Amino acid sequence: MSYTGARVVEQALGAARLLDSRYAEGHFGSATVTAYAKWQRRGGYTGAGADGIPGRATLAALGNRHGFHVA
């Protein structure tokens, strides 16, 4: 899945040392999903809550930590 904010999320995941910069190309693919699941687990989520798909709470936390706003 590609979307406008994918690159911003990928850059934040890279800054968190969860995603290699070569995968920050604006396509929310399997490497990004895996990295996002790691971010979710880092935030205490487990099971379906750590599926690698951004939810509002984890996305807002990532934004707060890495300088972007979730509207």
Side-chain angles (χ1 to χ4, degrees):
M1 164 173 68
S2 295
Y3 67 95
T4 306
R7 188 177 305 269
V8 172
V9 171
E10 290 170 332
Q11 289 170 343
L13 291 170
R17 300 187 187 274
L18 297 171
L19 182 68
D20 190 284
S21 63
R22 66 185 161 157
Y23 297 115
E25 78 294 70
H27 177 78
F28 209 94
S30 60
T32 306
V33 169
T34 298
Y36 202 89
K38 290 177 185 177
W39 169 256
Q40 290 167 319
R41 287 191 299 275
R42 200 181 265 187
Y45 291 84
T46 61
D51 61 2
I53 305 302
R56 185 156 181 80
T58 58
L59 189 58
L62 185 65
N64 289 339
R65 176 89 173 166
H66 294 284
F68 65 89
H69 177 72
V70 176

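Just so it is clear, the model here is predicted, and its values are computed rather than measured. Counting from 1, the numbers follow the sequence of the chain as shown.
Between L59 and W39 the shortest side-chain heavy-atom distance does not fall below 4.5 Å.
Distance NE2/H66 to CG/L13: 7.5 Å, rounded to 0.5 Å. Atom OH in Y36 sits 5.5 Å away from atom CG in L62 (nearest 0.5 Å).
Listed for the R42 side chain is a donor-acceptor partner under 3.5 Å among the backbone atoms of A16.
Within the structure, salt bridge (Lys or Arg N to Asp or Glu O under 4.0 Å) contacts touching residues 13-32 (residues at least two apart or in different chains) are D20-R22.
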Donor-acceptor list for residues 46-57 side chains, cut-off 3.5 Å, not counting sequence neighbours:
residue : atom : partner : partner atom : Å
D51     : OD1  : I53     : N            : 2.9
R56     : NH1  : A71     : O            : 3.0

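At a threshold of 4.5 Å between side-chain heavy atoms, the hydrophobic network of Ile, Leu, Val, Met, Phe, Trp and Tyr places V70 and F28 in one connected group. Hydrophobic clustering keeps V33 apart from Y45 (ILVMFWY residues linked when any side-chain heavy atoms are closer than 4.5 Å, directly or through intermediates).
Residues passing the side chain to side chain donor-acceptor pair (under 3.5 Å) test with E10 are T32, sequence neighbours excluded.
Across A35 and L18, no two heavy atoms sit closer than the pair CB-O, 3.2 Å.
Within a 6.0 Å sphere centred on CZ of F68, heavy atoms belonging to other residues, nucleotides or ligands number more than 12.
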